[in-house]
Colleague: 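I'd like to ask some things about the structure below.
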Amino acid sequence: MRRSVALCSLAVALAGCGSGGRHASPLARPARGTIEALWHASGENVGLVSGTSDYATGPVRISFLVVGRDARPVFRPRATLVVARGLAAKPFLRAVARLEPIGPPGAGEAAAGDVTSIFVVRLRIETPGRYLVLARPVGGRRIGALGYLVVKAKSSSPGVGARAFPSHTPTLASAHGKVARLTTRVPPDRDLLRYSVAQSIAAHRPFVVVFATPKFCTSRTCGPVVDVVRSVGRRFRGRGIRFIHVEIYQDNDPALGRNQWVKEWHLPTEPWIFFVGADGRIKAKFEGAVSVAELAAAVQSRLT
C-alpha cells in the first residue's frame with residue numbers, strides 16, 4: 001500500500017494520477033527521448049503498482065501491475081519496459097514483460113481486487129541506485145505506468161548462492177497434529193507441513209519453502225502462492241524434493257507481528273519462495289506472486 005501511494009504521489013507531481021498525456025506537463029515540454037517525454041506520450045498516465053521491492057545488483061526480477069484510472073488492471077500478453085536514471089534521462093535499458101497468471105490453472109483464488117495475472121520482467125542492472133521505470137502494455141488503449149526501482153548493492157533477503165538459514169520451522173510432529181497452528185490455508189495441505197527447513201538441510205535434501213499467509217495477504221499483487229507451491233510439488237512428486245509452507249505471523253495473528261522464522265530469514269516483505277539445493281544453498285528465489293510455470297522452470301533447470 002505504501003509503495004502504491006508513493007508512486008501515485010509521483011504521478012501527481014508530474015501530471016496528476018490518471019491524467020491524459022496531452023495535458024500532462026503544462027509548464028514545460030520534456031526533452032525529446034527522455035523517460036518523462038515517453039511517459040507523457042503514452043496516452044493515459046498512471047503510477048506503476050509494484051509487486052516486488054527487494055532488488056540487488058545483477059539479475060533483477062520485477063513484477064508489476066498497470067492499473068488504469070478506472071481502477072481496473074490492464075491485462076495484455078506483453079508490455080514494453082524502459083529504465084532510466086532520472087526523469088530528464090534517456091532510457092539505457094529496454095525489455096519486454098510477459099503477463100503471468102496468478103495461482104495454478106483452475107484452482108486457488110485471485111489476489112485481492114480480482115487480480116488474476118501480473119506482468120513479470122527480468123533485467124540485469126550492475127550499478128546500485130534509484131531508477132525510473134516506464135511500462136506500456138502492448139495493444140489496446142495507450143497507457144503508461146511510471147515507477148521507481150531502487151537497486152541496492154545487496155538485497156535484504158538471502159541472496160542466490162547464500163546458505164539457507166537452518167530454521168526449525170514448525171511441522172505436524174512439532175505441533176502434535178494441531179494443523180491450525182501451522183497454516184491459515186483452507187483446507188490445509190498436510191504435505192507442506194511434514195518437514196522443517198532445518199531437517200531438510202541436515203538431510204541434504206533439496207526443498208522449496210514458501211513464506212506466506214493465505215488468510216491475511218491482502219495486497220493486489222501477492223496472490224495465492226501457497227497454491228502455486230502445492231501445484232508444483234505435485235508435478236515433482238517422486239523427485240526427492242521437499243515442499244514446505246511457513247506462515248508469516250506469530251501464532252497466525254498479524255497483531256503479534258512477524259514470527260521468528262521470517263525474522264531469521266530477514267524477509268522485508270511477503271510472500272517469498274526459495275528453492276534450496278541439497279548443498280543447503282539458495283538456487284532461486286521469488287518475491288511476491290509467481291506463476292506455476294516460473295517456479296516449475298526454476299526447479300527443473302537446477303535439477304538437470
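These numbers come from a predicted model, not from an experiment.
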Colleague: How long is the span from the CG atom in L123 to the CZ atom in R61, to the nearest 0.5 Å?
Modeller: 11.5 Å
Colleague: Is it the case that one hydrophobic cluster holds both I244 and Y249, taking links as side-chain heavy atoms less than 4.5 Å apart, direct or via other members?
Modeller: yes
Colleague: For V120 and I62, run side-chain contact (heavy atoms from CB on, under 4.5 Å): C-alpha distance rounded to whole Å, both residues' side-chain angles, the deciding distance at 0.1 Å, then the answer.
Modeller: CA-CA 6 Å; V120 176; I62 304 170; over 6 Å; no
Colleague: Verify, without hydrogens or angle tests, whether H204 (side chain) and D279 (backbone) share a donor-acceptor contact under 3.5 angstrom.
Modeller: no
Colleague: F119 and R76: which non-hydrogen atoms are nearest, and at how many Å?
Modeller: CE2-O, 3.2 Å
Colleague: So that I can tick it off, tell me whether R124 and E126 are bridged by a salt bridge, with the cut-off set at under 4.0 angstrom between side-chain N and carboxylate O.
Modeller: yes
Colleague: Please confirm whether R85 makes a cation-pi placement over F92, using NZ or CZ under 6.0 Å from the six-membered ring centre and within 45° of the ring normal.
Modeller: yes
Colleague: So, do L65 and I118 sit near enough that their side-chain heavy atoms are less than 4.5 Å apart?
Modeller: yes
Colleague: For A198 and P166, work out which heavy atoms get closest and say how close.
Modeller: CB-O, 3.5 Å
Colleague: side-chain hydrogen bond (donor to acceptor under 3.5 Å, both in side chains) with T80: which residues, sequence neighbours excluded?
Modeller: none
Colleague: Checking the side chain of N259 only, and the main-chain atoms of I248 only, is there a donor and an acceptor separated by less than 3.5 Å?
Modeller: yes
Colleague: Side chains of H245 and P214: closer than 4.5 Å at any heavy-atom pair?
Modeller: yes
Colleague: Would the distance check show the side chain of T183 and the main-chain N or O of V179 forming a donor-acceptor pair, the cut-off being under 3.5 Å?
Modeller: no
Colleague: Would you call R230 and D191 a salt bridge, using N to O less than 4.0 angstrom?
Modeller: no
Colleague: Taking the side chain as everything from C-beta on, heavy atoms only, tell me whether L295 gets closer than 4.5 Å to V229.
Modeller: yes
Colleague: Quick check with a 6.0 Å cut-off and a 45 degree axis cone: is R130 positioned over the face of Y148's six-membered ring?
Modeller: yes
Colleague: Check whether L93 and L149 end up in the same hydrophobic cluster, where Ile, Leu, Val, Met, Phe, Trp and Tyr are linked by side-chain heavy atoms less than 4.5 Å apart.
Modeller: yes
Colleague: So which atom in S155 and which in A56 form the shortest heavy-atom distance, rounded to 0.1 Å?
Modeller: N-CB, 3.4 Å
Colleague: Check step by step if side-chain contact (heavy atoms from CB on, under 4.5 Å) holds for V133 and V82.
Modeller: CA-CA 6 Å; V133 295; V82 296; over 6 Å; no
Colleague: Given side chains that start at C-beta, do those of Q300 and R239 come closer than 4.5 Å, heavy atoms only?
Modeller: yes
Colleague: Is there a path of hydrophobic side-chain contacts, each under 4.5 Å between heavy atoms of I, L, V, M, F, W or Y residues, that connects L182 with W261?
Modeller: no
Colleague: Are side-chain N/O atoms of N252 and T184 paired as donor and acceptor at under 3.5 Å?
Modeller: no
Colleague: Is it true that, when you exclude R181 itself, more than 12 heavy atoms of the residues, nucleotides or ligands shown sit nearer than 6.0 Å to its CZ?
Modeller: no
Colleague: Quick one: does T116's side chain get under 4.5 Å of I102's, heavy atoms only?
Modeller: no
Colleague: Among the clusters formed by ILVMFWY side chains lying less than 4.5 Å apart, do V226 and L172 turn up in the same one?
Modeller: no
Colleague: Relative to each other, are the rings of F274 and F211 parallel, tilted or perpendicular (30° and 60° limits)?
Modeller: perpendicular
Colleague: With a 3.5 Å distance limit and no angle check, can you tell me whether D54 reaches the backbone of S156 through a side-chain donor-acceptor pair?
Modeller: yes
Colleague: Any chance you could measure L99, atom CG, to F75, atom CZ, to the nearest 0.5 Å?
Modeller: 7.0 Å
Colleague: Would you say L193 and V225 are hydrophobically clustered, going by side-chain heavy atoms of ILVMFWY under 4.5 Å?
Modeller: no
Colleague: Any chance you could measure F243, atom CZ, to R235, atom CZ, to the nearest 0.5 Å?
Modeller: 10.5 Å
Colleague: For a quick test of reading the model, state the closest non-hydrogen atom pair linking R69 to V46 and the distance between them.
Modeller: N-CG1, 4.2 Å
Colleague: Can you find a pair of side-chain heavy atoms, one from V74 and one from V67, that are under 4.5 Å apart?
Modeller: no
Colleague: Which pairs, with at least one residue in residues 131-142 and sequence neighbours excluded, count as a salt bridge (charged side-chain N to carboxylate O under 4.0 Å, His left out)?
Modeller: E44-R141
Colleague: Distance check, rounded to the nearest 0.5 Å: R281 atom CZ versus R163 atom CZ?
Modeller: 4.0 Å
Colleague: Nearest 0.5 Å, what's the CD1-NE2 distance between I35 and H40?
Modeller: 11.0 Å
Colleague: I'd like to know if the side chain of E287 reaches the main chain of S53, judged simply by a donor and an acceptor atom lying under 3.5 Å from each other, with no hydrogens or angles considered.
Modeller: yes
Colleague: Y55 side chain to T52 main-chain N or O, any donor-acceptor pair under 3.5 Å?
Modeller: yes
Colleague: Using the side-chain contact (heavy atoms from CB on, under 4.5 Å) rule, take F207 and V197 through it: C-alpha gap first, then chi angles, then the decisive distance, then the call.
Modeller: CA-CA 8 Å; F207 64 92; V197 168; 3.8 Å; yes
Colleague: For S200 and S196, indicate whether the former's side chain and the latter's backbone hold a donor-acceptor pair under 3.5 Å.
Modeller: yes
Colleague: Flag the pair V151 / Y131 as yes when at least one side-chain heavy-atom distance between them is below 4.5 Å, and no otherwise.
Modeller: yes
Colleague: Roughly how far, to the nearest 0.5 Å, is OG of S231 from CZ of F236?
Modeller: 10.5 Å
Colleague: Can you tell whether the side chains of R185 and E247 come within less than 4.0 Å, N to carboxylate O?
Modeller: no
Colleague: Between T57 and K152, do the side chains contain a donor N or O and an acceptor N or O under 3.5 Å apart?
Modeller: no
Colleague: Give me the atom names and distance for the closest heavy-atom approach of G86 to L132.
Modeller: C-CD1, 3.7 Å
Colleague: For a side-chain contact (heavy atoms from CB on, under 4.5 Å) with V262, tell me which candidate from L267, T213, V246 qualifies.
Modeller: L267
Colleague: What verdict does the side-chain contact (heavy atoms from CB on, under 4.5 Å) test give for V96 and V121, after you've listed the backbone C-alpha separation in whole Å, the side-chain angles of each residue and the deciding distance to 0.1 Å?
Modeller: CA-CA 7 Å; V96 175; V121 65; over 6 Å; no
Colleague: Taking the side chain as every heavy atom from C-beta outward, state whether P91 and V83 have any pair of such atoms under 4.5 Å apart.
Modeller: no
Colleague: Does any N or O in the side chain of W272 come within less than 3.5 Å of the main-chain N or O of K285, such that one atom is a donor and the other an acceptor?
Modeller: no
Colleague: Checking S167 against W265: is there a side-chain donor and acceptor pair closer than 3.5 Å?
Modeller: yes
Colleague: Using a 3.5 Å distance criterion without hydrogens, assess whether the side chain of T34 forms a donor-acceptor pair with backbone atoms of A88.
Modeller: no
Colleague: Looking at every heavy atom in both E294 and F286, which two are closest together, and how far apart are they?
Modeller: O-CZ, 3.9 Å
